[in-house]
Amino acid sequence: APDQPVTQASPAPRRSRQARVVWGERVVTVGGDAPVRVQSMTNTDTVDVIGTAIQVKELAIAGSEMVRITVNTPEAADAVPAIREQLDRMGIDVPLIGDFHYNGHRLLTEHPACAEALSKYRINPGNVGKGEKRDRQFGQMIEAACRWNKPVRIGVNWGSLDQELLAQMMDDNSRRTQPWDAKQVMYQALIQSALQSAQAAREMGMDPNQIIISCKVSGVQDLISVYQGLAQRCDYPLHLGLTEAGMATKGTVASATALSVLLQQGIGDTIRVSLTPQPGEARTQEVVIALEILQALGLRSFNPSVTACPGCGRTTSTTFQELAKQIDDFLRAQMPVWRSQYAGVENLKVAVMGCIVNGPGESKHADIGISLPGTGEAPAAPVFIDGEKALTLRGDNIAAEFHAIVENYIRQ
Ligand code: SF4
C-alpha cells in the first residue's frame, strides 16, 4: 500500500528583482512576481519602417510581450521613432527593445528620438569596444539609459564574448593549482562579463532594478550550466534563450529542452526562442513555440489545449486526426477575440481520441472530449462534457457537429 505521497513536480521559485519595461500605459514587468515573459525579435531591415512595424504587430498579436529590433546604423536609429509612431497608430503598444552592437553609444547619444522611443536597450559587453574606449562607450550607453529612464539587458553571447576578459581569465586559470578545463573557463568568463558589466552600470548610477542579464550559448548542457551559475550569483531578472538554436525540429526541441530544465528550476524571467525560419515560415513561429513551452510547464496559459491520441492500428480513418487539427486551428484562430470576451477560455481542455481504449477515460479528464469509433467498434462517438457523457454523435457529420458543441460550450 502506498505510504509516501508522490512529490508533485512544480517549478521552483527564484525571486529576482523586478524590472519594468514601459511604453505609454503599457507596463511589462520582468522578474519578481511577474509571469515569465515572452519576447521575440524582428528580421526585417529596421530602415523599412512599414515592413518592420507590420512584423512587430504580427509578433505582438501572436503573443510576444516585447519585441526587439536591430538598431545598427544612423538610418535605422532614425527609423525607430517612425516605427513606434506606426505601431501607436495601429493600437499596438508592445514595448520595443533596441539591439545595439559596436556603435550603440553613438546611436543612443546622437539620436535622442530613438533613445526615447525604445523601451529597453540591449547592450552586448563583448561588442562595445576595447580598453578605455570600451569603458567610455559602455558608459555612454548607460548614461542614455539613465537619462531616458530605460532598463537595459546586459546580453552576453559566447559568439561575441569579451576577448580581453577571456584572455585575462585564461591567464588567471593557468596560475591555479588545479586549473579549470577550457569549458569551465568559458562559463566563468560569460558570467563574469555579465556581472562585471552590471556592476559597472550600477557604479555609473543605473538603478539595479532596471538591469536584466543574459548569457546565451548554443549548446543545451552549456546553457543549463551557465544559467545555473548565473542564478546562484545574482538576483537580476534573467533573459533566457538558446542562441542560434537552429532550424525546425532541431531548433524547437533544443530550445524546449534547455529552457524547460531551467524554467523548472525557477531560472528565467523572460524567454526568447531563437529559430532560423524555414523558407516561407512565419517569424511568429518562434513566439508560438515559446508560448507552448510555458504552457506545457504549467507556468502560463495562453490557448486552450487539445489532447489527441497518436492513432494506431485500431484506427483506419484519419477522421480523428483531422478533427483534432480542425479544433486546434479553430481555437487558435478565435483566441485573439475570445481572450477579451471569455475569462479563462485559455484554460479549456479538449480531447479528441481515436478509439474506446483510452478515448472515454481521456475525454472525461477534459472539459469536452470525444471518443471516435475505432476499427470494429460501433459507429458511434460519445461526447463528454465536464466529465459526464453528454450525447453520442453518429453519421458523416461528426466533425462539424463536435466543432459546434465546442463553440457552444465556450460561448456558454
Ligand atoms: Fe490507438 Fe485508441 Fe490509443 Fe488512440 S486511443 S492510440 S486509437 S488505442
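In what follows, residues are counted from 1 in the order of the sequence shown. Whatever order the structure lists them in is the order used to number ligands and atoms, beginning at 1.
- Taking a cut-off of 2.8 Å, the protein N, O or S atoms nearer than that to atom 4 (Fe) of ligand 1 are C309 SG.
- Taking 4.0 Å as the cut-off between side-chain N and carboxylate O, E65 and R300 count as a salt-bridged pair.
- Separation of the F302 and W338 ring centroids does not fall under the 6.0 Å cut-off.
- Electrostatic pairing of E286 and R272 counts as a salt bridge here, judged by a charged N lying under 4.0 Å from a carboxylate O.
- Salt-bridge annotation for R332 and D328: present, with a side-chain N of the basic residue lying under 4.0 Å from a carboxylate O of the acidic one.
- Sorted by first then second residue, the side chain to side chain donor-acceptor pair (under 3.5 Å) pairs that include residues 44-55, not counting sequence neighbours, are N43-Q55, T44-T52.
- In this structure, R14 pairs ionically with D269, as a charged nitrogen and a carboxylate oxygen lie closer than 4.0 Å.
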